[in-house]
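Quantities reported herein were computed from a predicted structural model and do not represent experimental measurements. Every heavy atom of this structure was used, including side-chain atoms; hydrogens, water molecules and symmetry mates were not. Each chain gets a letter, A, B and so on, in the order its sequence line appears, and its residues count up from 1.
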Protein chains: 2
Amino acid sequence: MSLPPQLVELAQLARARGARATPARLQVLSALRDASRALSHHDIEAALSAQPLDRVTLYRVLDWAVAAGLVLRTTDENRIYRYSLGARHEAHAAHAHFNCDDCGRVFCLDDVAPAPAMPAGFLAKRVDVAVHGRCAACGGCATHDEPLP
Amino acid sequence: MSLPPQLVELAQLARARGARATPARLQVLSALRDASRALSHHDIEAALSAQPLDRVTLYRVLDWAVAAGLVLRTTDENRIYRYSLGARHEAHAAHAHFNCDDCGRVFCLDDVAPAPAMPAGFLAKRVDVAVHGRCAACGGCATHDEPLP
DNA sequence: TAACGATTGCAACGCAGTTGCATTTGATGT
DNA sequence: ACATCAAATGCAACTGCGTTGCAATCGTTA
Ligand SMILES: [Mn+2]
Ligand SMILES: [Mn+2]
Ligand SMILES: [Zn+2]
Ligand SMILES: [Zn+2]
C-alpha cells in the first residue's frame with residue numbers, strides 16, 4: 001500500500017519524531033498544510049468531513065503535533081485555539097510572532113526578543129512576543145488604520 | 001444603611017455607568033481593587049468565599065464590568081480569563097507581563113515593550129510581551145533551573 | 001413607603017475537553 | 001508474507017465552564 005505523494009513527506013515528519021504515520025495524523029497535518037490560515041478544532045473537523053475523524057482522536061493528534069513541535073498552537077482573545085503547520089516552529093519560542101487579526105495566520109518574525117528586566121527573585125525561562133495587527137495579504141497598510149504609537 | 005467607606009467610590013463608579021451599586025458588584029470590584037495581580041474567575045470566587053456569590057452572578061457581574069469599561073479582561077495561552085480593575089490598566093497593552101508556570105499568577109512588568117521590525121505591508125497594532133517562568137513566591141531563583149539564554 | 005425595573009439565585013442545559021478501556025493497526029523482525 | 005506488540009484509535013462516560021429562562025428579591029426613585 002503506497003502513500004499518496006503529497007503525504008510521504010508528512011509521514012517522514014511523523015516517523016522522524018518516533019511516532020507512527022497514521023491516517024489520522026497525515027490527514028490533520030495535510031489539512032493544516034493546505035490551509036491558508038491557522039485552523040481551529042472545528043475548522044479541521046470541517047476540512048476532514050469527507051473522512052470523518054473521531055473528536056477525541058483529533059484532540060489527541062493535535063496535542064501530539066504540538067508537543068512534537070510540528071504544529072504551533074495560538075490562542076486568540078476569545079480563547080479559541082488555532083493550529084498552524086510550522087516547519088520552523090521547533091524554535092518558535094526563540095523568535096517573535098505576528099498574528100493577523102483578520103485571517104488568523106501566524107507569521108514568524110526573525111527578530112530576537114530581548115528579555116525585559118525581572119524583579120528580584122523572578123526566574124525568566126521564556127519570552128513570548130506576539131505582535132497583533134493585519135498582514136500584508138489582508139491589506140495591512142490600509143491608510144485608515146493607525147500604526148503603533 | 002451606610003456603605004463602608006472603601007466601597008463608596010466603587011458605588012459611585014457603578015452608578016455613573018447607569019447601573020445599580022449592588023453588593024455583588026461592589027464585592028467583586030473591591031476584590032479586584034485589593035488584588036496585586038489579575039484575578040481569574042476562580043481567584044475571585046476564592047477571594048469572596050466569606051460572602052459566597054452565585055457562580056452565574058459572578059459571570060454576569062464580570063461581563064457587565066468589562067462591557068462598562070471598568071475592568072480589563074485578558075486571556076493567557078491556556079485560555080484562562082483574568083480580570084483587573086481598569087484604573088491601573090488603561091495602558092495595560094503598553095507593558096509586559098510575567099506568567100508564573102507554577103502558580104499561574106500574572107505580574108505586570110513596568111518595562112515598555114519595544115516593537116520588533118515589521119516586514120513590508122504588515123501593520124502592527126499591538127505588541128504583547130509575556131515572560132514565562134517562576135515567580136519569587138514559587139522559588140524562582142532555584143539553582144537547578146536554567147535562566148534565559 | 002410604594003412601585004417598578006434591574007439584578008440575583010437556582011435549576012437546567014449545551015458544549016468543549018478528558019479519561020478509561022477494549023479493539024485495531026503501524027512498524028518491526030522473522 | 002506473517003506474527004508480534006506497543007501505539008493509536010473509537011466509543012462511552014464523565015467533568016467542568018459558561019449560558020439561558022424564570023421566579024423571587026432588591027436598589028432606586030418618586
Ligand atoms: Mn515561529
Ligand atoms: Mn498589566
Ligand atoms: Zn491576514
Ligand atoms: Zn508563582
Figure out the [atom1]/[atom2] separation between [X] and [N], and round it to whole Å.
X: B:Leu48; N: C:dT8; atom1: CG; atom2: P; result: 13 Å
X: B:Asp63; N: D:dT19; atom1: CG; atom2: C1'; result: 10 Å
X: A:Gln12; N: C:dG26; atom1: CD; atom2: P; result: 17 Å
X: B:Ile80; N: C:dA16; atom1: CD1; atom2: P; result: 18 Å
X: A:Ile44; N: C:dG17; atom1: CD1; atom2: P; result: 11 Å
X: B:Leu58; N: C:dT7; atom1: CG; atom2: C1'; result: 14 Å
X: A:Gln27; N: C:dG26; atom1: CD; atom2: P; result: 12 Å
X: A:Tyr59; N: D:dT15; atom1: OH; atom2: P; result: 17 Å

**Shared hydrophobic cluster, B:Trp64 / B:Leu62 (ILVMFWY, side-chain heavy atoms < 4.5 Å)** =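 Yes, B:Trp64 and B:Leu62 fall within the same hydrophobic cluster.
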
**Item:** Value rounded to 0.5 Å, distance of CZ in B:Arg37 from SG in B:Cys135
**Value:**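 That separation rounds to 9.5 Å.
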
**Atom pair CD1/CZ of B:Ile80 and A:Arg79 - distance to nearest 0.5 Å** =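 Answer for the CD1-CZ pair, B:Ile80 versus A:Arg79, is 8.0 Å.
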
**B:Arg82 side chain to B:Thr74 backbone, donor-acceptor under 3.5 Å** =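 No.
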
Taking only side-chain nitrogens and oxygens of [X], does any of them come within less than 4.0 Å of OP1 or OP2 of [N]?
X: B:Thr57; N: C:dG9; answer: yes
X: A:His42; N: C:dC15; answer: no
X: B:Thr22; N: C:dT8; answer: yes
X: B:Arg60; N: D:dT20; answer: no
X: B:Arg25; N: C:dT7; answer: yes

[X] (side chain) and [N] (base): donor-acceptor pair under 3.5 Å:
X: A:Arg20; N: D:dA8; result: no
X: A:Arg79; N: D:dG18; result: no
X: B:Arg55; N: D:dG18; result: yes

**Prompt:** Base, sugar-phosphate, or nothing: which does A:Arg15 touch, judged by heavy atoms less than 4.0 Å apart?
**Reply:**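 Here A:Arg15 touches the backbone only, sparing every base.
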
**Prompt:** Looking only at heavy atoms, which two atoms of B:Ala21 and B:Ala11 are closest? And how far apart?
**Reply:**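 Minimum heavy-atom contact is CB-CB, 3.7 Å.
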
**Message:** Judged by each residue's nearest nucleotide on DNA chain C, which is more toward the 5′ side, A:Val56 or B:Pro52?
**Reply:**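 The residue mapped nearer the 5' terminus is B:Pro52.
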
**Request:** By nearest nucleotide on DNA chain D, pick out whichever of B:Ala19 and A:Pro23 is the more 5' one.
**Result:**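 With B:Ala19 and A:Pro23 compared, the 5'-side residue is A:Pro23.
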
